Colleague: 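Dropping a structure here in structure tokens format, bear with me for questions.
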2 protein chains.
Amino acid sequence: MPLRAKRTTAGEDMAEGPNNASGGENLLFLTDEQIRKGIEAMFFAYRGFTADPDRILTSQGYGRAHHRALHFINRTHGTTVNNLLAVLGVTKQSLNRVLRTLIEDGLVESRIGRTDRRERNLYLTAEGATLERALSEAQRERMRAAYRAAGPQAVAGFRQVLEAMMDDEIRTHYKTIKDRRT
Amino acid sequence: MPLRAKRTTAGEDMAEGPNNASGGENLLFLTDEQIRKGIEAMFFAYRGFTADPDRILTSQGYGRAHHRALHFINRTHGTTVNNLLAVLGVTKQSLNRVLRTLIEDGLVESRIGRTDRRERNLYLTAEGATLERALSEAQRERMRAAYRAAGPQAVAGFRQVLEAMMDDEIRTHYKTIKDRRT
DNA sequence: CATTTTATGTCAGCCTTGTTGACATTCCAA
DNA sequence: TTGGAATGTCAACAAGGCTGACATAAAATG
């Protein structure tokens with residue numbers, strides 16, 4: 001067995017992924033060492049991914065949690081608190097702390113729901129939108145550079161693997177972005 | 001302008017990534033919406049990425065920081081504290097707290113350096129290696145599933161983009177895994 | 001209409017994990 | 001011998017998770 005990769009898992013005998021063209025040494029991408037490299041790549045890349053916005057945030061007295069809130073409020077204007085909780089995957093107490101400071105500081109506006117008055121609809125103020133844009137632009141710049149360096153094919157693969165790595169319920173949240181007005 | 005993607009950045013006019021085969025609509029992968037989707041994909045995927053080991057960790061009274069320490073001690077047996085600090089990117093006080101509990105609990109052994117006796121060389125004990133394997137296996141299982149679902153080409157692209165996203169100094173740490181004894 | 005459920009907010013307290021600053025120890029190297 | 005590097009430790013603090021308990025308003029349901 002020359003090029004055949006050593007595999008440790010049992011598994012249901014290779015369910016043949018979509019891009020698995022020819023057989024044989026293609027299994028190398030499932031080697032334990034390959035997987036391990038992928039794990040470390042995720043760890044290190046995520047650090048880079050958050051580094052730039054983190055700098056802006058600390059300089060303004062905010063944290064990563066504020067960034068996440070701003071991002072998703074911007075993504076879906078008028079989203080409710082419950083909705084945000086589901087997407088962010090934190091407790092309402094935790095989110096509330098973050099949200100309160102953002103509202104106090106005038107970055108986020110909380111309007112009572114029109115159909116259901118129990119709900120609060122969340123919007124970015126002009127100031128909030130400005131900060132969100134700064135954070136997002138810093139992060140986008142790095143991702144854009146990475147995309148450009150890697151090329152379109154790599155980007156497609158990148159997205160495929162990431163999507164496959166998500167939890168199922170989350171994947172639906174992720175996909176709702178397609179319904180977004182540009 | 002039919003298929004031409006709307007780009008926001010100035011940038012040095014498309015430095016032609018390696019895989020950028022034909023011109024034109026390939027630039028779609030640099031659209032703001034594409035970049036935004038990539039950002040969210042990173043966020044959601046990272047959550048999935050850490051979910052499984054996190055469950056094990058909490059059940060054992062440890063946190064993600066312990067996992068990271070175990071992982072990198074396992075990756076390079078006998079690494080020094082300073083070395084670990086550089087890779088993990090935290091302060092020595094923060095690492096020390098984590099390391100101390102691992103040593104007290106008998107998962108990690110700290111031996112005084114042979115050439116430089118100021119240094120401590122860190123090793124996993126049998127018990128530590130067992131936990132590391134459990135954590136790592138949970139995480140690998142998910143990544144393996146994602147890899148299998150996406151296929152080898154996608155995996156290659158995944159890794160390319162992640163690597164391009166890292167900070168420069170970190171990328172070297174990442175690449176040292178190639179020198180690893182299997 | 002009375003009751004229950006839902007959405008949200010808030011208080012209090014706890015944990016992990018990051019931070020700074022100060023200081024002690026050990027020991028290599030100039 | 002002395003300066004500086006590597007390491008450890010103590011203390012204090014902050015962000016941001018968590019749980020539990022409780023309050024309020026409004027919708028939903030009987």
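What you see is a predicted model; the values in this text were computed from it and never measured. To find a chain, count down the sequence lines: A is the first, B the second, and so on, and within it residues start at 1.
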Colleague: Mind checking whether H71(B) and H67(B) have parallel, tilted or perpendicular rings, split at 30° and 60°?
Modeller: perpendicular
Colleague: Do R47(A) and I170(B) touch side chain to side chain, with heavy atoms closer than 4.5 Å?
Modeller: yes
Colleague: Rounding to a whole Å, what distance do you find between R118(A):CZ and dT29(D):P?
Modeller: 10 Å
Colleague: Which nucleotide, dT19(C), dG9(C), dT7(D), lies nearest any side-chain atom of T80(B)?
Modeller: dT7(D)
Colleague: Spell out, as yes or no, whether a donor-acceptor pair under 3.5 Å connects the side chain of R114(A) to the backbone of I112(A).
Modeller: no
Colleague: If only atom types and distance count, is the side chain of R140(A) paired as donor or acceptor with the main-chain N or O of R36(B) below 3.5 Å?
Modeller: no
Colleague: For the side chain of R117(A) and the base of dA26(D), is some donor closer than 3.5 Å to an acceptor across the two?
Modeller: no
Colleague: Quickly work out the N96(A) CG to dC18(D) C1' distance and round it to whole Å.
Modeller: 15 Å
Colleague: How many Å lie between CD on Q60(B) and P on dT16(C), as a whole number?
Modeller: 14 Å
Colleague: If only side-chain N and O atoms count, and only distance matters, is there a donor-acceptor pair under 3.5 Å linking T176(A) with R75(A)?
Modeller: yes
Colleague: Can you tell which of dG8(D), dG18(C), dA6(D) lies closest to the side chain of E119(B)?
Modeller: dA6(D)
Colleague: Can you tell me the distance, in whole Å, between the CG atom of L57(A) and the C1' atom of dG16(D)?
Modeller: 13 Å
Colleague: Run the ring-centre check on F29(A) versus F158(B) and record whether the distance is less than 6.0 Å.
Modeller: no
Colleague: How many whole angstroms separate atom CZ of R47(A) from atom C1' of dG18(C)?
Modeller: 13 Å
Colleague: Separation of D54(B) atom CG from dG17(D) atom P, in whole Å?
Modeller: 13 Å
Colleague: Phosphate oxygens OP1/OP2 of dG17(D): is one of them under 4.0 Å from a side-chain N or O of R68(A)?
Modeller: yes
Colleague: When you measure from every atom of DNA chain D, which of residues 97-111 of chain A have a heavy atom less than 4.0 Å away?
Modeller: R97(A)
Colleague: Taking donor-acceptor contacts at under 3.5 Å, does the side chain of Q93(B) reach the base of dG21(C)?
Modeller: yes
Colleague: Side-chain N or O of T91(B) less than 4.0 angstrom from OP1 or OP2 on dT19(C)?
Modeller: yes
Colleague: Heavy atoms only, 4.0 Å cut-off, all strands: where does T115(A) land among base, sugar-phosphate and nothing?
Modeller: sugar-phosphate
Colleague: Atom CG of D116(A) and atom C1' of dT5(C): how far apart are they, to the nearest Å?
Modeller: 12 Å
Colleague: Both N82(A) and H66(B) contact DNA chain C. Taking the nearest nucleotide for each, which residue is further toward the 5' end?
Modeller: N82(A)
Colleague: Over how many whole Å does the gap from K92(B) atom NZ to dT9(D) atom C1' extend?
Modeller: 9 Å
Colleague: Hey, what do you get for CD (E109(A)) to OG1 (T125(A)), rounding to the nearest 0.5 Å?
Modeller: 8.0 Å
Colleague: Quick check on DNA chain D: between L95(A) and N83(B), whose nearest nucleotide comes earlier from the 5' end?
Modeller: N83(B)
